[in-house]
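Data block below; observations after.
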Protein chains: 2
Amino acid sequence: MEKQTITIYDVAREAAVSMATVSRVVNGNPNVKPATRKKVLEVIDRLDYRPNAVARGLASKKTTTVGVIIPDVSNAYFASLARGIDDVATMYKYNIILANSDGDDKKEINVLNTLLAKQVDGVIFMGHHLTESIRGEFSRSKTPIVLAGSIDPDQQVGSVNIDYREATKDATNKLIKSGNEKVAFISGPLLDPINGQLRLNGYKDALKENNMTYNEGLVFESEYSYKAGLNLYDRVAHSNATAAVVADDELAVGLLNSLTDKGISVPGEFEIITSNNSLFTDMARPSVSSISQPLYDIGAVAMRLLTKLMNKEDIEEKSVILPYDLIEKGSTK
Amino acid sequence: MEKQTITIYDVAREAAVSMATVSRVVNGNPNVKPATRKKVLEVIDRLDYRPNAVARGLASKKTTTVGVIIPDVSNAYFASLARGIDDVATMYKYNIILANSDGDDKKEINVLNTLLAKQVDGVIFMGHHLTESIRGEFSRSKTPIVLAGSIDPDQQVGSVNIDYREATKDATNKLIKSGNEKVAFISGPLLDPINGQLRLNGYKDALKENNMTYNEGLVFESEYSYKAGLNLYDRVAHSNATAAVVADDELAVGLLNSLTDKGISVPGEFEIITSNNSLFTDMARPSVSSISQPLYDIGAVAMRLLTKLMNKEDIEEKSVILPYDLIEKGSTK
DNA sequence: ATGAAAGCGCTAACAA
DNA sequence: TTGTTAGCGCTTTCAT
């Protein structure tokens, strides 16, 4: 690379000061006489000098870059989190290295290691399920890590979420109150703690509160996708459920469309409440009632928490729970 | 930072070789006796040595990192491109620094500069509209740049797109052939070259081919959003159009829903063809016919092109045009 | 096949 | 307020 490599040394020479002084003005160190500062700034401008962040990183041991591990940016849920993360990162002068993992254990570990090799100052991790191995890496790492919209059963690192259990309980309750005696629970893999532990327990809580018995036949494990939702019709119909709490919007709209395509009226004959209140829920006809998670904020707060961690500030509480809402739209009575 | 900083020097000492040799085995340089290599690898493993990419970057002047400037990751269109970019980047051992610009000139320039300061090996830029200033930065930069799904009128940098003009012509033609005498053209800002030059001209081409006169009253400039689509009803109804080619899926579904909510049957009384064939088009009822752009591939090919540029390989053609399709679904007869 | 040594461009004591 | 001088951890000639 024969980049017009203007270095701090060139500036120092032209301005007839030392590198240290140039470094000081570049870094806003107050210990510089205004006249000197002015002179240096002029030269910087004239030479079009741009500090080399890599050299700076090596010398200072800080890269002002954080790693973001995400299952899939093209998934609306995670993309919203990512946007929140980047905005706050920018606000605090960080950049993000974004890496897709597909939720795959090997890739997650791989990418975490390359991020650490790149000396990121911190990491934000998103994933449905934290495997033993990734948690091992986390506990081994000296670099601050925060989970966004993801659960670590033993909370060794920071995290930002909503209360999935309570939210699911609320949704289920609403469906029960409106007269449904068989409410289905439709989620992604129950192996994922958010589904198998928090949401499912919230669902059970609601049943218990209403003296209804838990029936495994009403629990449906599915992939998170529109197509999977479409294909759910037969199984759900077979269960005689008349309502469902669904853990994913694509899934929910898929189910909704398969229902209405078969002539079953929503919400008349079947009610649905989904979980992310994404644009999908507004576009569907009828629109879909939903728990509303502050996705952008979850990302933003996670990044904010990470800045504190990177700064070695004291943290009041490293597991943050943000509020949710229940938005009633067209898919509930 | 008191990271357990194991350096190449530690490895060299433990393995009783020189730093240079360690560097060779780490970098897969063949000039190392197998026995030596083995010994070094053992020590690396034992010490859990991980090369510092920042130091490597400073010494080699390559960071294996590329910058990606994107208007908004939480927009499905760009998120798809981003996913394609990252997958190919990973394939070629690059990481991406992702930065949202909101299509804002100042932010774009800002972020481009910090990316260059971070010594990225290349940049992928996405944006609706290349301002003079950003194009100035591009031409000044020695770092390879490729546009993905974006048009630079004077093609100074590489780019990957579809033929928006031809695609829009096809879509318009289809609508005309099916009997519509007033076909609306609904896009984002006409200031953006993709809309104002390519798409609009494709629309005009189709009119001309069919001996129809161009009527400005049928051209609607709008924001790219679902909500904007919903609000389009009055204006569109007023124009007496009976069909529309729309440049954005959210916009299209918004229009569709506002139409059906008002009791206008689609496609019976109004036909729609949109542009990105995203999941939105399948979820809507009726589903929306669409031009199908290979978004993931546009991103992937852009990144592939960038790898060639970074590698100083010869490029056959730096403006790549990928094929599109016209997918007929429920919103056309 | 291996080693010695000079940087890469910057920060951060430490002096002055 | 300013300068001197070590590094930061690695790659890369150039010797050997």
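The figures here come from the full heavy-atom set of this structure, side chains too, leaving out hydrogens, waters and symmetry mates.
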Near DNA chain C, under 4.0 Å by heavy atom, which residues of residues 32-45 of chain A? none
If I take atom OG from residue B:Ser101 and atom CD from residue B:Glu108, how far apart are they, to the nearest 0.5 angstrom? 4.5 Å
Does B:Gln119 reach the side chain of B:Lys62, with side-chain heavy atoms less than 4.5 Å apart? no
I'd like to know whether the aromatic ring centres of A:Tyr77 and A:His128 sit less than 6.0 Å apart in this structure. no
Taking the six-membered ring for Trp, are A:Phe138 and A:Phe125 ring centroids under 6.0 Å apart? yes
To the nearest Å, how far apart are [X] [atom1] and [N] [atom2]?
X       : N     : atom1 : atom2 : answer
A:Leu58 : C:dG7 : CG    : P     : 17 Å
B:Arg13 : C:dT2 : CZ    : P     : 20 Å
A:Asn29 : D:dT2 : CG    : C1'   : 11 Å
A:Ile8  : D:dT5 : CD1   : P     : 16 Å

Test side-chain contact (heavy atoms from CB on, under 4.5 Å) on B:Leu41 and B:Arg46 and set out the steps. CA-CA 8 Å; B:Leu41 285 174; B:Arg46 177 156 60 78; over 6 Å; no
Do the side chains of [X] and [Y] get close enough for a salt bridge, i.e. N-O under 4.0 angstrom?
X        : Y        : result
B:Asp154 : B:Arg135 : yes
B:Asp86  : B:Arg83  : no
B:Lys39  : B:Glu14  : no

Any [X] side-chain nitrogen or oxygen under 4.0 Å from OP1 or OP2 of [N]:
X       : N      : value
A:Lys61 : C:dC10 : no
A:Arg56 : C:dG9  : no
A:Ser18 : D:dG3  : yes
B:Thr5  : D:dG9  : yes
A:Tyr49 : C:dC10 : yes
A:Thr21 : D:dG3  : yes

Give the angle between the helix axes at the two ends of the helix from C:dA1-D:dT16 to C:dA16-D:dT1, taking five base pairs at each end and rounding to 10°. 30°
I need the minimum non-hydrogen distance between [X] and [Y], along with the two atoms involved.
X        : Y        : result
A:Ile321 : A:Ile162 : CG2-C, 4.0 Å
B:Pro71  : B:Gly127 : CG-CA, 4.0 Å
B:Pro144 : B:Asp121 : CD-O, 3.4 Å

B:Lys118 pairs by side-chain hydrogen bond (donor to acceptor under 3.5 Å, both in side chains) with which of A:Thr63, A:Thr64, A:Asn52? A:Thr64
Would you tabulate the pairs of protein nitrogen or oxygen atoms and nucleotide nitrogen or oxygen atoms of nucleotides 12-16 of chain C closer than 3.5 angstrom?
none

With heavy atoms under 4.0 Å as the rule, sort [X] into base, sugar-phosphate or nothing.
X       : answer
A:Val54 : nothing
A:Val26 : nothing
B:Asn52 : sugar-phosphate

